[in-house]
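These numbers come from the heavy atoms of this one structure, side chains and all, not from hydrogens, waters or symmetry mates. Labels below follow one simple rule: chain letters A, B, ... track the order of the sequence lines, proteins then strands, and each chain is numbered from 1.
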4 protein chains.
Amino acid sequence: MKRDKPKYKQIIDAAVVVIAENGYHQAQVSKIAKQAGVADGTIYLYFKNKEDILISVFREKMGMFVGKIEEVIAGNRTAAEKLLVMIENHCKILSEDHHLAIVTQLELRQSNKDIRLKINEVLKGYLLVIDKILTEGIEAGEFTSDLDIRLARQMIFGTIDEMLTNWVMNEQKYDLSSQVPAIHKLLLNGCGFRN
Amino acid sequence: MKRDKPKYKQIIDAAVVVIAENGYHQAQVSKIAKQAGVADGTIYLYFKNKEDILISVFREKMGMFVGKIEEVIAGNRTAAEKLLVMIENHCKILSEDHHLAIVTQLELRQSNKDIRLKINEVLKGYLLVIDKILTEGIEAGEFTSDLDIRLARQMIFGTIDEMLTNWVMNEQKYDLSSQVPAIHKLLLNGCGFRN
Amino acid sequence: MKRDKPKYKQIIDAAVVVIAENGYHQAQVSKIAKQAGVADGTIYLYFKNKEDILISVFREKMGMFVGKIEEVIAGNRTAAEKLLVMIENHCKILSEDHHLAIVTQLELRQSNKDIRLKINEVLKGYLLVIDKILTEGIEAGEFTSDLDIRLARQMIFGTIDEMLTNWVMNEQKYDLSSQVPAIHKLLLNGCGFRN
Amino acid sequence: MKRDKPKYKQIIDAAVVVIAENGYHQAQVSKIAKQAGVADGTIYLYFKNKEDILISVFREKMGMFVGKIEEVIAGNRTAAEKLLVMIENHCKILSEDHHLAIVTQLELRQSNKDIRLKINEVLKGYLLVIDKILTEGIEAGEFTSDLDIRLARQMIFGTIDEMLTNWVMNEQKYDLSSQVPAIHKLLLNGCGFRN
DNA sequence: TATGAATGAGGCTTCATTCAT
DNA sequence: TATGAATGAAGCCTCATTCAT
């Protein structure tokens with residue numbers, strides 16, 4: 001499998017660096033190849049085309065992302081706690097990788113509709129995690145029973161995303177983690193939380 | 001003033017149609033000119049360059065937008081009511097202009113950093129409306145007094161934006177207005193609403 | 001006759017200023033119209049097209065030029081004296097009109113072959129003055145009798161032209177008139193002068 | 001080094017042909033590529049932009065030019081002889097390459113100020129050759145000791161240039177070489193030659 | 001005569017992708 | 001597998017000229 005070979009990951013990582021440092025529209029295949037230390041043509045032994053690189057970037061990084069979040073969530077019992085560690089870890093991962101933060105919050109959004117549709121496919125894993133927390137929360141009586149899961153999910157995802165995008169656009173100047181409790185509380189309230 | 005001449009608006013409207021129907025990256029100046037019923041060169045009597053067209057589209061439409069919302073809000077007393085009519089009208093305007101919905105929620109986001117920075121300038125007007133509602137709500141005791149206005153604004157804007165983007169990406173198949181009360185309730189709860 | 005109307009000269013003079021200050025390729029018709037204080041379309045009531053403006057600039061200015069030189073030459077007796085006052089006056093006219101110097105020595109040379117052929121037609125008047133001096137000089141025994149008039153004319157014109165172009169390219173920093181005696185002597189020697 | 005690769009010279013030569021046959025302003029990059037037998041994009045692997053092609057044409061050809069002249073001059077002893085072979089060879093090279101003659105005498109002069117400044121840099125090599133001949137001639141007593149080298153250089157260069165331009169504008173109809181002795185004599189006289 | 005808004009043709013350059021080695 | 005030289009399609013913008021007023 002190509003995805004297991006070292007050059008595959010090498011190219012993905014190079015793409016993240018190049019996109020973060022040059023911007024989406026200035027991330028030419030030749031720049032990515034140079035950053036990865038391979039020839040332009042070599043890229044095409046591992047990826048079908050440029051679009052495939054971009055989607056793969058998102059899939060690989062987001063996969064790691066969702067995996068990590070599912071892992072940490074598992075160690076908690078209540079929906080409220082799970083929501084908290086989800087937000088905490090989301091913020092933590094992006095805080096620790098500034099390049100990745102720029103790429104996912106700003107640059108990859110400039111891609112065209114086709115690519116964004118495929119990115120949305122990848123995002124579904126994250127949305128499922130949210131849905132699961134919401135379902136559990138309702139069942140456990142933590143959240144109001146008339147909660148519209150789809151809308152609540154949009155609130156949770158939209159709020160976190162907006163907060164992160166603002167943070168990145170402000171050049172990641174302030175500390176993200178200090179905002180987590182307040183955001184958590186806003187979202188819990190939104191979901192009609194009572195304990 | 002050029003902005004008052006009929007051809008200015010004619011070109012802006014043509015741009016919205018062309019971008020919505022062809023996508024951001026396929027919206028060539030020549031297509032916009034053709035749609036507007038003018039020669040290519042005529043575009044440049046009213047706009048400095050292509051970037052200027054795109055920013056102007058956003059500014060004109062968003063300006064109308066914020067103006068409309070400020071207007072309808074003025075007729076209401078409580079922050080909760082104001083928030084409701086704001087969401088209602090936001091949804092109503094986009095529901096009535098599918099092309100505009102596609103352009104603002106999907107296509108213009110593909111623009112480069114320069115254009116997006118200018119678009120963000122325009123968006124500030126909308127964010128100020130939200131802030132005003134929040135401040136009034138806190139002062140009136142409708143919202144919890146320890147509400148972080150910046151985070152609450154990010155929640156409100158992020159949630160509405162995410163809801164709208166989902167709606168547009170689902171090809172505007174379902175009715176937006178029916179979701180407004182539930183979203184309104186989610187956001188009110190988030191703000192610690194009590195009456 | 002159009003050439004006698006005030007706007008004709010007004011446009012010619014505007015063209016000299018615009019070309020000198022902006023360069024040949026940046027001298028748009030609209031700039032010339034603005035400088036002349038007329039509308040773009042008015043230009044075309046006095047000139048067939050842009051090429052006609054440029055050729056007219058050269059014809060009007062060069063005509064004045066050759067007229068002036070013929071006039072001052074007439075007051076002298078020997079070919080050597082005539083050559084001297086010709087060079088003196090050529091330098092004097094350009095020294096007194098920096099814009100004209102830039103236009104004739106640098107900018108109009110960027111015109112295409114068609115225009116340059118027509119400019120050469122105008123230049124013939126100047127070359128005839130040189131030829132006349134040379135013929136008189138030979139007949140009077142001042143110049144060597146085996147002088148090839150065509151080549152000598154090329155030497156005289158080429159030398160003066162090169163000197164002037166160097167002066168203009170050096171931003172007219174040094175005094176032209178002080179070089180006249182030395183250039184005069186070089187050219188007289190070239191013609192085999194003896195008195 | 002790109003300049004040593006065969007395609008570099010191939011494109012330079014194609015540019016000379018295209019400019020000579022179509023004129024400076026009709027020498028599109030695509031025409032040059034076609035004449036060179038390469039794709040349009042290939043041009044940009046060897047040249048930064050169109051301006052770079054034009055300057056390179058002049059530098060390569062003029063470099064060859066000055067090199068050749070320095071070479072043949074070296075085999076002569078007196079300044080008068082050196083001046084003669086310089087003129088002879090200048091005429092010979094252009095006589096043997098009609099395209100190059102058109103390009104250097106007529107077409108490249110239509111370029112804008114930036115390009116001409118860079119062309120002038122290249123020309124300095126030629127002017128230095130002239131200066132060296134003049135200095136040697138004065139030291140050897142062949143030329144008058146009060147000769148102003150700068151003005152004499154302007155005479156020599158201006159005269160040769162004017163003669164060549166006339167020849168090219170007359171469509172190279174007459175034989176250049178037959179004029180060389182007379183021009184040589186004119187210039188020697190101008191320099192106060194005595195042997 | 002005078003205006004000036006409108007026209008529309010034309011070319012340099014980038015960059016994803018291929019393929020001979 | 002790996003290379004990297006070569007390809008070629010595609011679009012923004014300028015500006016001389018016209019013509020309805």
Visitor: Between H25(A) (NE2) and dG11(F) (C1'), how many Å, whole number?
Guide: 15 Å
Visitor: What is the separation between atom CD on Q28(C) and atom C1' on dT17(F), rounded to the nearest whole Å?
Guide: 14 Å
Visitor: Give none if dT21(E) has no partner; otherwise give the nucleotide forming a Watson-Crick or G-U wobble pair with it, both distances under 3.5 Å.
Guide: dA2(F)
Visitor: Hey, does V29(D) reach any base, or is it just sugar-phosphate, or nothing, if we go heavy atoms under 4.0 Å?
Guide: base
Visitor: Would you indicate, yes or no, if dA6(F) has its OP1 or OP2 atom less than 4.0 angstrom from a side-chain nitrogen or oxygen of K7(D)?
Guide: yes
Visitor: With a 4.0 Å cut-off on N to O distance, would you call R59(B) and E121(B) a salt bridge?
Guide: no
Visitor: Looking across every strand, which nucleic acid part, if any, lies under 4.0 Å from F47(C) by heavy atom: base, sugar-phosphate, or nothing?
Guide: nothing
Visitor: Is any side-chain N or O of Y44(A) closer than 4.0 Å to OP1 or OP2 of dT3(F)?
Guide: no
Visitor: Where the side chain of K50(D) is concerned, which of dT13(E), dT17(F), dT7(F) is the nearest nucleotide?
Guide: dT13(E)
Visitor: Whole angstroms only, please: what is the CD1-P distance between I53(B) and dC12(F)?
Guide: 8 Å
Visitor: Would you say the side chain of I55(A) lies within less than 4.5 Å of the side chain of E51(A), judging by non-hydrogen atoms?
Guide: yes
Visitor: Any carboxylate oxygen within less than 4.0 angstrom of a Lys/Arg side-chain nitrogen, looking at D13(B) and K61(B)?
Guide: yes
Visitor: Which nucleotide sits closest to the side chain of N49(C): dA16(F), dT17(E), dT17(F)?
Guide: dT17(F)
Visitor: May I ask you to say what K31(B) touches in the nucleic acid, namely base, sugar-phosphate or nothing, with a heavy-atom cut-off under 4.0 Å?
Guide: nothing
Visitor: Do Q10(D) and K7(D) have side-chain atoms, one donor and one acceptor, less than 3.5 Å apart?
Guide: no
Visitor: Could you tell me how far apart Q26(D) (CD) and dG11(E) (C1') are, to the nearest whole angstrom?
Guide: 10 Å
Visitor: Report yes if a side-chain nitrogen or oxygen of K5(D) is closer than 4.0 Å to either non-bridging phosphate oxygen (OP1 or OP2) of dA5(F); otherwise report no.
Guide: no
Visitor: Nearest-Å distance, CD1 (I43(D)) to P (dA5(F))?
Guide: 16 Å
Visitor: Using the ring of each side chain (for Trp, its six-membered ring), is Y126(A) parallel, tilted or perpendicular to F65(A), with breaks at 30° and 60°?
Guide: perpendicular
Visitor: With sequence neighbours left out, what residues match R109(B) under salt bridge (Lys or Arg N to Asp or Glu O under 4.0 Å)?
Guide: D161(B)
Visitor: Quick one: Q10(C) CD to dT1(E) P, roughly how many Å, whole number?
Guide: 14 Å
Visitor: In whole angstrom, what separates Y24(C)'s OH from dC15(F)'s C1'?
Guide: 14 Å
Visitor: Using atom CD1 of I32(A) as one end and atom C1' of dT17(E) as the other, report the distance to the nearest whole Å.
Guide: 14 Å
Visitor: Counting just side-chain N and O atoms, does T42(D) come under 4.0 Å of either OP1 or OP2 of dT7(F)?
Guide: yes
Visitor: With nearest nucleotide decided by heavy atoms, which residue, Y46(B) or L45(C), maps closer to the 5′ end of DNA chain E?
Guide: L45(C)
Visitor: Tell me which nucleotide, if any, is Watson-Crick or G-U wobble paired with dC12(E) when both distances must be under 3.5 Å.
Guide: dG11(F)
Visitor: Assign each of K48(B) and G37(D) to its nearest nucleotide of DNA chain F by heavy atoms, then name whichever residue's nucleotide is nearer the 5' end.
Guide: G37(D)
Visitor: Between D40(D) and E51(B), name the one whose nearest nucleotide on DNA chain F is closer to the 5' end.
Guide: D40(D)
